[in-house]
Number of protein chains: 2
Amino acid sequence: MRADAARNRDKIVEAARVAFRTRGYDAPLDDIAKAAGVGAGTLYRHFPTRDSLLDAVMQAWVERVNDAVGKVLAEGGTSRELLLRWFEQYVELISVHKGGPAKITLAMEDDASPMRTKCQTLRAANAQIIEQLGDDLRPGVDSLQFARLVGGIASVVDQGNLPATSIGPMLEVVVDGLLV
Amino acid sequence: MRADAARNRDKIVEAARVAFRTRGYDAPLDDIAKAAGVGAGTLYRHFPTRDSLLDAVMQAWVERVNDAVGKVLAEGGTSRELLLRWFEQYVELISVHKGGPAKITLAMEDDASPMRTKCQTLRAANAQIIEQLGDDLRPGVDSLQFARLVGGIASVVDQGNLPATSIGPMLEVVVDGLLV
DNA sequence: CACGATACGGAGACACTCTCCACTTAGCAA
DNA sequence: TTGCTAAGTGGAGAGTGTCTCCGTATCGTG
């Protein structure tokens, strides 16, 4: 890639990061282009779709996921404590921006999503937790179901502008349902 | 209301019912107006917002909710069977059209929603189930949490175009987490 | 430093939402 | 029946956001 192109790409991603966080995932792309100081055409060449832009914005996020799962596993405790801690982390991780929980949870169901690789990381993280739980986990449950159960709750809380405190009790319900 | 106005209103609601079901809740309102054989202005006078149109479309739906809860309660069985049956009904009820689960679940959190009255019905239905469960229910759980837990799952399944069979196992997790 | 490949940007086509208002019509009163 | 007026209509067009096209500018290599 030409040096000026790379420069512009970075400026766009940075502008998008700010816009997605402050104005939500619906922020007009033309505005993002303007904020980045480039034309709309430039934005669309680098990122043909809104999702592909989001994908770039979340590049750094993957590392945070891996950090989080590592920490949660390291802290030890009962299966219940572990799972609850992980789900709390999980909700926080997917709530990177308004609309994030729904976006990410749905992307996990869609093999054609541009966020596919990001979702793989998240799924792998869930799988690590599942492995640690061993026989304490209800039989037949997989990492996708983890994502759906917790993602569903997080989406409702996010989109309904509910206080963060309302999540805890619901996670406990799911946790108790998931353990034998 | 003048006779011709009532006629047009009905035509619009009918066209919207079809459009919401087949094309989802995002169907262009201008198209709905066209399908109903009226101008856009007419549609917007009768229904100032998309939500108010949805509200009208779902008028008949309220009766179905009350029917369903009555039937579920009448069938008897253990608390677990009762709750599972109700949740299955609940998911079906809120899946009236594409985007329905998310729409309805979020409307329950919003006192200013035009669908407020519809949601009251749904909440009352949940409350009836809760009453029936009595001491078998985990302490501190209310009808809104019911709505969020099940609504969250239904939203994911609906928006992710997942097979209906994927819902059952997740409902079981929630049911087991909700009962003592 | 010249030239081809690469990238830029913004005008404008397109899609959807919603308003405005000149025109039409239902329904009543005489 | 006829005439009147409040109620209702419809579609043009303004506003907003998406996305493409292509003439112009810039990069970086030979």
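Just so we're on the same page: letters track the sequence lines, and every chain starts at 1. Any value given below was found using the heavy atoms of this structure, including those in side chains, with hydrogens, waters and symmetry copies removed.
Not a single donor-acceptor pair under 3.5 Å links the side chain of B/D158 to the backbone N or O of B/K98.
For B/D31 and C/dC18, the CG to C1' distance is 15 Å, given to the nearest whole Å. One atom, CG of B/L53, and another, P of C/dC18, lie 12 Å apart when rounded to the nearest Å. Regarding B/I32, its CD1 atom lies at a distance of 12 Å from the P atom of C/dC18, rounded to whole Å. The CG atom of B/L43 sits 13 Å away from the C1' atom of C/dC16 (whole-angstrom rounding). If you take OH of B/Y25 and P of C/dT17, they are 11 Å apart, rounded to a whole angstrom.
Under the 30°/60° scheme for interplanar angles, the aromatic rings of A/Y25 and A/F20 are found to be tilted.
Residues satisfying the side-chain contact (heavy atoms from CB on, under 4.5 Å) criterion with B/R85, sequence neighbours excluded, are B/V72, B/E75, B/E81, B/L82. Under the side chain to side chain donor-acceptor pair (under 3.5 Å) criterion, A/R9 pairs with no residue, sequence neighbours left out. Under the side chain to side chain donor-acceptor pair (under 3.5 Å) criterion, B/R50 pairs with no residue, sequence neighbours left out.
On the nucleic acid side, DNA chain D has its first and last nucleotide under 4.0 Å of a heavy atom of chain B at D/dA6 to D/dG11, going 5' to 3'.
By the 6.0 Å contact criterion, CZ on A/R80 is enclosed, its count of non-hydrogen atoms from other residues, nucleotides or ligands being greater than 12. Annotation: A/Q120, atom CD; neighbour count of heavy atoms from other residues, nucleotides and ligands within 6.0 Å is above 12.
Closest-nucleotide positions on DNA chain D for B/A5 and A/D30 were compared, and the one nearer the 5' end corresponds to B/A5.
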Quiz item: Taking protein heavy atoms under 4.0 Å as touching, what does nucleotides 19-30 of chain C look like 5' to 3' if B marks base contact, S marks sugar-phosphate-only contact and - marks none?
Solution: BB----BSS---
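One finds the CZ atom of B/F87 at 5.0 Å from the CG atom of B/L178 (value rounded to the nearest 0.5 Å).
Residues B/H46 and B/P48 approach most closely at O-CD, 3.7 Å, considering heavy atoms. Looking at every heavy atom in both residues, B/S143 comes nearest to B/I130 through N-CD1, 3.5 Å.
When the local axes at the two ends of the helix from C/dC1-D/dG30 to C/dA30-D/dT1 are compared, using 5 base pairs at each end, they differ in direction by 10° after rounding to 10°.
A/N8 comes within 4.0 angstrom of sugar-phosphate atoms only, judged by non-hydrogen atoms across all strands, and of no base.
Contact check, A/H46 against C/dC8: a side-chain N or O comes under 4.0 Å of OP1 or OP2.
Looking at B/I153 and B/V91, their side chains never come closer than 4.5 Å, going by heavy atoms from C-beta outward.
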